Engineer: 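I have a structure here, written as structure tokens, and I will follow up with some questions on it.
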Amino acid sequence: MSITREDIIRTVREENIEFITLQFTDIFGAMKNVSITSSQLEKALDGKMMFDGSSIEGFARIEESDMRLSPDFNSFTVYPWKHGDVKICRIICDVYGVDGKPFMGDPRNILEKAIAHARKLGYEFNVGPECEFFLFNKGANGEPTLNSNDKGGYFDLGPNDVGENARKDIVLALEAMGFEIEASHHECAPAQHEIDFKYENAMHAADNIMTFKQTVKTVADKHDLYATFMPKPIFGIAGSGMHLNMSLTKNGKNVFVDEKDKNGLSKTAYSFMAGIMKHIEGMTIFLNPLVNSYKRLVPGYEAPIYIAWSAKNRSPLVRIPSSKGASTRIELRSADPSANPYLAIALCLEAGLDGIEKKMTPPPSVDKNIFEMSQREIKRSGIKTLPVNMYDAICKAEKDKFVRDVLEDHLFAKYIGAKKHEWDDYNRRITNWEVESYLGKY
């Protein structure tokens, strides 16, 4: 059911909401906002709220910095928590320039264009994310630490799972904001958790990921814990992924389904998967955007490093879950929760559509555990690997014209430029590993 301007005004008045948060996202997936009082609500709903885009990294130069926030009424929600006694709601916004055109550096705009491309072909894109995160203790001054009393593993309960109560409160907060939570559980690493919510259309799914991350951090803080979506915070244990379950529908029917196929997949599904596999190297810097992301993409922790697919094991990049019929989908396992969800989902959709339009076919499935295959077997099978570090991923992105075309020149150049600077900064730093390995030896 669509939310109207009048619905929002009435709810704000009836529930005595004092502040409205107008949210948008920068190119790196960081949530930004302009906060207004209820007296400015109608002005905001009319799309007349302005902000300085030159203050947002990757947005605009100072001489063209005036930006306008255009609210998506359907994103309106009242927060289930308060700041003191103050009730707050939020509306997610698109970013426009003063010329009235969508701003080319707005990640939500990039996803809207991808969705429009799919609809032109008759498709709707559905995404079900699986976001993992860690809950750590806070330090004496409230600073984040890597410390935890949690001893839990897969699906453990308290007292080993000391984050259980926080996780339950996160679920309740999400449900209060309209999420349909399918499952929540302790993950394999100590202090690691996962909450799965029902698939949604692509834009709603991306919005949900942003809301999910904010909610997890907010509720964790109320439990005196620090939540992090850093991909690999601790050496020697599993990192956090953001698996993306994807399907296309046409006229309300899942077009990935073919019950006569041995894997239950249609030619459309195979072509969609082939498109993602074709462009995954160039997409990786946007799915795994941090230096730290590539510390997760290593053998031994169920994180994929090989560009392959299977319906029988979890070691390849793409997995075909066992659910069939209307639930048929493909699962991309490489993305992590530090990714900008709008860009990640837009790239996956466009790559899949490219595969469909060009009638691509994927290589044969790899049903053995790739981590147990020899390098000779892997090479003989023609299996390629994901980029090994951020610099490798940047180079792969620059070589794939498709990725630049999807993201457009402004956003692509700003993003890649920032990531090159980040890589250079990292390379100049002296790490604890270097000190521990070399200081006493040389």
Side-chain angles (χ1 to χ4, degrees), residues 1-26 29-52 55-56 67-95 108 131 133 135 138 142 163 165-181 184 193 195 197-198 200 203-229 341-342:
M1 190 175 89
S2 295
I3 298 175
T4 67
R5 183 179 188 276
E6 290 68 31
D7 291 334
I8 296 172
I9 293 172
R10 183 177 62 256
T11 301
V12 169
R13 181 178 64 249
E14 291 177 352
E15 298 197 23
N16 295 315
I17 296 169
E18 297 182 50
F19 282 93
I20 299 94
T21 297
L22 305 176
Q23 290 180 355
F24 59 101
T25 305
D26 73 10
M31 184 182 288
K32 305 294 182 180
N33 80 92
V34 173
S35 183
I36 61 171
T37 63
S38 56
S39 66
Q40 300 298 304
L41 176 60
E42 294 192 38
K43 177 181 176 182
L45 295 178
D46 291 337
K48 296 179 180 178
M49 295 302 302
M50 309 294 292
F51 74 98
D52 179 7
S55 300
I56 307 298
M67 299 283 158
R68 182 172 63 81
L69 295 174
S70 177
D72 179 346
F73 294 167
N74 287 326
S75 70
F76 171 80
T77 190
V78 180
Y79 285 138
W81 57 81
K82 296 181 180 179
H83 289 268
D85 294 327
V86 177
K87 209 168 189 179
I88 300 174
C89 68
R90 77 95 200 272
I91 307 174
I92 297 174
C93 300
D94 294 310
V95 180
R108 212 166 183 264
C131 294
F133 58 94
L135 292 175
K138 291 194 289 188
N165 290 335
R167 192 174 68 242
K168 287 178 178 176
D169 283 348
I170 292 167
V171 169
L172 292 174
L174 290 168
E175 287 188 333
M177 287 189 284
F179 281 66
E180 183 176 336
I181 304 300
S184 69
H193 303 264
I195 297 174
F197 38 98
K198 187 179 179 181
E200 296 276 3
M203 184 61 73
H204 199 181
D207 287 343
N208 279 350
I209 292 169
M210 295 301 299
T211 299
F212 173 80
K213 292 163 76 171
Q214 180 193 21
T215 302
V216 169
K217 285 182 172 290
T218 300
V219 176
D221 185 66
K222 294 182 183 298
H223 283 261
D224 205 31
L225 296 169
Y226 184 82
T228 181
F229 293 93
Y342 301 102

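Throughout, numbering of the chain's residues begins at 1 and tracks the sequence. Bear in mind that the values here come from a model prediction, so they are computed numbers and not experimental data.
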Engineer: With rounding to the nearest 0.5 Å, note down the distance linking NZ in K87 to CZ in F19.
Structural biologist: 15.0 Å
Engineer: How long is the straight-line distance from CG of L69 back to CG of L45, given to the nearest 0.5 Å?
Structural biologist: 12.0 Å
Engineer: Taking side chain as C-beta onward, heavy atoms only, is D7 less than 4.5 Å from F73?
Structural biologist: no
Engineer: With sequence neighbours excluded, what pairs up with R13 under the side-chain hydrogen bond (donor to acceptor under 3.5 Å, both in side chains) test?
Structural biologist: none
Engineer: Would you give the length of the straight line joining atom SG of C93 to atom CG of D72, rounded to the nearest 0.5 angstrom?
Structural biologist: 8.5 Å
Engineer: Between atom OH of Y226 and atom CG of L135, what is the distance when rounded to the nearest 0.5 Å?
Structural biologist: 11.5 Å
Engineer: Excluding sequence neighbours, so at least two apart, what forms side-chain hydrogen bond (donor to acceptor under 3.5 Å, both in side chains) with K213?
Structural biologist: none
Engineer: According to salt bridge (charged side-chain N to carboxylate O under 4.0 Å, His left out), who are the partners of E14, at least two apart in sequence or on a separate chain?
Structural biologist: none
Engineer: What pairs with F76 under ring pair (Phe, Tyr, Trp, His ring centres under 6.0 Å), at least two apart in sequence or on another chain?
Structural biologist: none
Engineer: If every non-hydrogen atom of W81 is compared with every non-hydrogen atom of T215, which pair is closest and at what distance?
Structural biologist: CH2-OG1, 3.7 Å
Engineer: The criterion is side-chain contact (heavy atoms from CB on, under 4.5 Å); which residues satisfy it with D46, sequence neighbours excluded?
Structural biologist: R5, K48
Engineer: At their closest point, which heavy atom of P80 faces which heavy atom of A176, and how far apart are they?
Structural biologist: CB-CB, 3.9 Å
Engineer: Does the side chain of D221 come under 3.5 Å of the side chain of T218 through a donor N or O and an acceptor N or O?
Structural biologist: no
Engineer: List the residues meeting side-chain contact (heavy atoms from CB on, under 4.5 Å) with A206, not counting sequence neighbours, and say none if there are none.
Structural biologist: L111, P341, Y342, I345
Engineer: Just verifying a value: how many Å separate I91 CD1 and T21 OG1, rounded to the nearest 0.5 Å?
Structural biologist: 9.5 Å
Engineer: Please enumerate all residues that pass side-chain hydrogen bond (donor to acceptor under 3.5 Å, both in side chains) together with T211, with sequence neighbours excluded.
Structural biologist: R90
Engineer: Under the side-chain contact (heavy atoms from CB on, under 4.5 Å) test, which residues partner I181, sequence neighbours left out?
Structural biologist: V171, L174, E175, F179, I195, F197
Engineer: Would you name the heavy atoms of M49 and L22 that are closest together and state the gap between them?
Structural biologist: CG-CD1, 3.7 Å
Engineer: Does S184 have any side-chain hydrogen bond (donor to acceptor under 3.5 Å, both in side chains) partners at least two apart in sequence or in another chain, and if so, which?
Structural biologist: none
Engineer: Check side-chain contact (heavy atoms from CB on, under 4.5 Å) between A30 and all other residues, then give those that pass, not counting sequence neighbours.
Structural biologist: D26, K32
Engineer: How would you list, by chain and number, every residue that makes a salt bridge (charged side-chain N to carboxylate O under 4.0 Å, His left out) with D224, sequence neighbours excluded?
Structural biologist: K138
Engineer: Hey, could you give me the CZ/CG distance between R108 and D94, rounded to the nearest 0.5 Å?
Structural biologist: 4.5 Å
Engineer: Quick one: closest heavy-atom pair of Y79 and Q214, and the distance?
Structural biologist: OH-NE2, 3.0 Å
Engineer: Taking distance alone, no hydrogens or angles, what donor-acceptor pairs closer than 3.5 Å link side-chain atoms of residues 36-44 to residues at least two apart or in another chain?
Structural biologist:
residue, atom, partner, partner atom, Å
T37, OG1, S39, OG, 2.8

Engineer: Take V78 and E15 through the side chain to side chain contact (heavy atoms under 4.5 Å, CB included) test and state the conclusion after the steps.
Structural biologist: CA-CA 9 Å; V78 180; E15 298 197 23; 4.0 Å; yes
Engineer: Side-chain contact test, heavy atoms from C-beta onward, threshold under 4.5 Å: evaluate it for Q23 versus M210 and give yes or no.
Structural biologist: no
